[in-house]
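Below: one structure, written as structure tokens.
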Amino acid sequence: MIRYENIHKVFGDLEVLKGVNFEIGTGEVVCILGPSGSGKTTLLRCTNFLEPPTRGIVTIADVTVEAGRHTKQQVHQLRQLSTMVFQNYNLFKNMTAKENVMEALVTVQKKSKQEAGEIADKYLNQVGMGERRDYYPSQLSGGQQQRVGIARGLALNPHAILFDEPTAALDPELVGEVLSTMKEVAKTGITMAVVTHEMGFAREVADRVVFMDGGVVVEQGKPAEVFDHPQYPRTQQFLRAVTKKDGLAS
């Protein structure tokens, strides 16, 4: 479970998040949609205090952290419960795929190299990258690198996995392989928060979609409700624009 309570984030004179409130249930897949600049990625980064909120409360599972009153220990506990898959993979260039997955298992979770290696093999196989475990990032396509990033996140056995537009940096022909991997991850029952512009994925895989604009949640509901019967003019305007661009039926 992830709960956001009155989340605000200010950068200088710019208020990016203006009081975000919603909850992601345990095992639920929630896709967060919205135009660029709506605060989606900032909210995701606030989830584990990679970007500390200016005000508000974040809860993951049984750990609750209040912005401005938090300790380093609380933030550490929060981060232990989630992992993030970034747009640009963030793999170590001097490590193989397997070593990238092993790194946090050894350095953060203090597992032996043998145990970490076994875990890495398991999750690389799960995302279809087992045969490329000894390849370096420079030898992998963008889609393959992102799948290694997903394996790295899953290997930590988090309560929740956060995806920050995981296909945004990919060439169009590579998007499908990453989305297919994410669909398989969703079937495992892990809690997923996904910031995405992939409307087809959100419609097919999400249990619920949340539409943000201007730093607030405008609308949320089951995909069929939001995509087919949006209640608010701003949601309707956004969906008309993206479905026309993608050639999808509204």
Side-chain angles (χ1 to χ4, degrees), residues 1-2 24-29 44-45 47-50 58-65 70-164 166-167 169 174 177-194 205:
M1 179 270 290
I2 303 172
I24 301 172
T26 300
E28 189 177 24
V29 178
L44 208 67
R45 293 175 65 84
T47 307
N48 55 13
F49 277 56
L50 282 179
V58 175
T59 300
I60 303 179
D62 58 353
V63 175
T64 296
V65 182
H70 58 279
T71 65
K72 288 184 179 180
Q73 181 181 6
Q74 288 176 318
V75 172
H76 176 71
Q77 291 174 332
L78 195 73
R79 289 177 178 171
Q80 292 293 100
L81 292 168
S82 69
T83 188
M84 184 174 285
V85 176
F86 297 91
Q87 287 185 32
N88 294 311
Y89 330 131
N90 284 21
L91 299 181
F92 294 106
K93 302 302 182 186
N94 62 332
M95 294 183 181
T96 64
K98 183 173 180 176
E99 289 168 342
N100 265 282
V101 177
M102 290 175 59
E103 178 67 12
L105 293 169
V106 173
T107 60
V108 178
Q109 296 191 352
K110 306 302 181 184
K111 297 185 184 298
S112 69
K113 286 189 175 181
Q114 180 179 344
E115 184 181 5
E118 291 170 356
I119 294 170
D121 285 338
K122 172 185 174 181
Y123 286 102
L124 285 168
N125 286 330
Q126 183 174 320
V127 302
M129 290 298 295
E131 293 183 358
R132 291 177 171 80
R133 59 173 55 86
D134 296 323
Y135 285 42
Y136 288 90
S138 62
Q139 298 172 301
L140 301 173
S141 70
Q144 290 169 339
Q145 290 184 62
Q146 192 60 289
R147 285 152 65 192
V148 173
I150 293 171
R152 177 179 57 186
L154 290 171
L156 294 171
N157 193 30
H159 174 81
I161 187 164
L162 316 173
F163 293 86
D164 180 19
T167 61
L174 301 177
E177 67 183 74
V178 173
L179 293 180
S180 293
T181 299
M182 290 172 65
K183 290 176 186 177
E184 292 304 311
V185 172
K187 292 177 184 177
T188 68
I190 192 170
T191 305
M192 292 172 57
V194 185
V205 178

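On a predicted model such as this, the values are computed, not experimentally measured, just so you know.
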Quiz prompt | Within-4.5 Å side-chain heavy-atom neighbours: V185 and M192 | solution = yes
Self-check item: P158 versus G153, closest heavy-atom pair with distance
Solution: CD-O, 3.4 Å
Quiz item: Mind checking what makes side-chain hydrogen bond (donor to acceptor under 3.5 Å, both in side chains) contact with T47, not counting sequence neighbours?
Solution: Y4
Self-check item: Where at least one partner belongs to residues 83-103, residue pairs that pass salt bridge (Lys or Arg N to Asp or Glu O under 4.0 Å), sequence neighbours excluded
Solution: K98-D121
Exercise. For Q80, check side-chain hydrogen bond (donor to acceptor under 3.5 Å, both in side chains) against everything at least two apart and list the hits.
Key: none
Quiz item: Could you give all pairs that pass the ring-ring contact (aromatic ring centres under 6.0 Å, His included) test and reach residues 70-129, with sequence neighbours left out?
Solution: F49-H70
Exercise. State the CG-CG distance between L81 and D62, to the nearest 0.5 angstrom.
Key: 6.5 Å
Quiz item: Can you tell me how far the CG atom of L154 sits from the CG atom of L124, to the nearest 0.5 Å?
Solution: 10.5 Å
Self-check item: Partners passing side-chain contact (heavy atoms from CB on, under 4.5 Å) against T26 (at least two apart in sequence or in another chain)
Solution: M1, H159, T191
Quiz item: What closest approach, in Å, do P137 and L91 show between heavy atoms, and which atom pair accounts for it?
Solution: CG-CB, 4.0 Å
Exercise. Provide the closest heavy-atom pair for T96 versus D134 in the form atom of the first, atom of the second, distance.
Key: CG2-O, 3.6 Å
Self-check item: CA sep, side-chain torsions, deciding dist, call: Q74, V63, side-chain contact (heavy atoms from CB on, under 4.5 Å)
Solution: CA-CA 8 Å; Q74 288 176 318; V63 175; 5.6 Å; no
Practice problem: Could you tell me which residues satisfy salt bridge (Lys or Arg N to Asp or Glu O under 4.0 Å) with K110, sequence neighbours excluded, listed by chain and number? | Solution: none
Quiz item: Taking side chain as C-beta onward, heavy atoms only, is I2 less than 4.5 Å from L162?
Solution: yes
Practice problem: Return the set of residues passing side-chain contact (heavy atoms from CB on, under 4.5 Å) with E118 (not counting sequence neighbours), or none when no residue passes. | Solution: Q114
Self-check item: Partners meeting salt bridge (Lys or Arg N to Asp or Glu O under 4.0 Å) with K183 (sequence neighbours left out)
Solution: E204
Quiz item: Under a 4.5 Å cut-off applied to non-hydrogen side-chain atoms, are V101 and V148 in contact?
Solution: yes
Quiz item: Any side-chain heavy-atom pair from L156 and L105 closer than 4.5 angstrom?
Solution: yes
Quiz item: Do L140 and M129 have side chains that get closer than 4.5 Å, going by heavy atoms?
Solution: yes
Quiz prompt | Closest non-hydrogen atom pair, V178 against P166 | solution = CG1-O, 4.5 Å
Quiz item: How many angstroms lie between NZ in K113 and CE in M102, if you round to the nearest 0.5 Å?
Solution: 6.5 Å
Quiz prompt | I119 side, atom CD1; N157 side, atom CG - distance, nearest 0.5 Å | solution = 8.5 Å
Practice problem: Give the minimum heavy-atom separation between L174 and S141, together with the two atoms involved. | Solution: CD1-CB, 4.2 Å
Quiz item: Under the side-chain hydrogen bond (donor to acceptor under 3.5 Å, both in side chains) test, which residues partner N125, sequence neighbours left out?
Solution: R133
Quiz item: Looking at residues at least two apart in the chain, or sitting in another chain, which of them share a side-chain contact (heavy atoms from CB on, under 4.5 Å) with E184?
Solution: K187
Practice problem: Would you list the pairs meeting salt bridge (Lys or Arg N to Asp or Glu O under 4.0 Å) in which at least one residue belongs to residues 142-153, sequence neighbours left out? | Solution: R147-E177
Quiz item: Within the distance-only criterion (no hydrogens, no angle test), does the side chain of N100 pair as donor or acceptor with the backbone N or O of M95 below 3.5 angstrom?
Solution: yes
Quiz prompt | Those residues that, when tested against Q87, pass side-chain contact (heavy atoms from CB on, under 4.5 Å) (two or more places apart) | solution = D164, E165, A168
Quiz item: Tell me, do T188 and Q126 make a side-chain contact under 4.5 Å, heavy atoms counted?
Solution: yes
Self-check item: Spatial distance of atom CG (L44) from atom OG (S82) [nearest 0.5 Å]
Solution: 8.5 Å
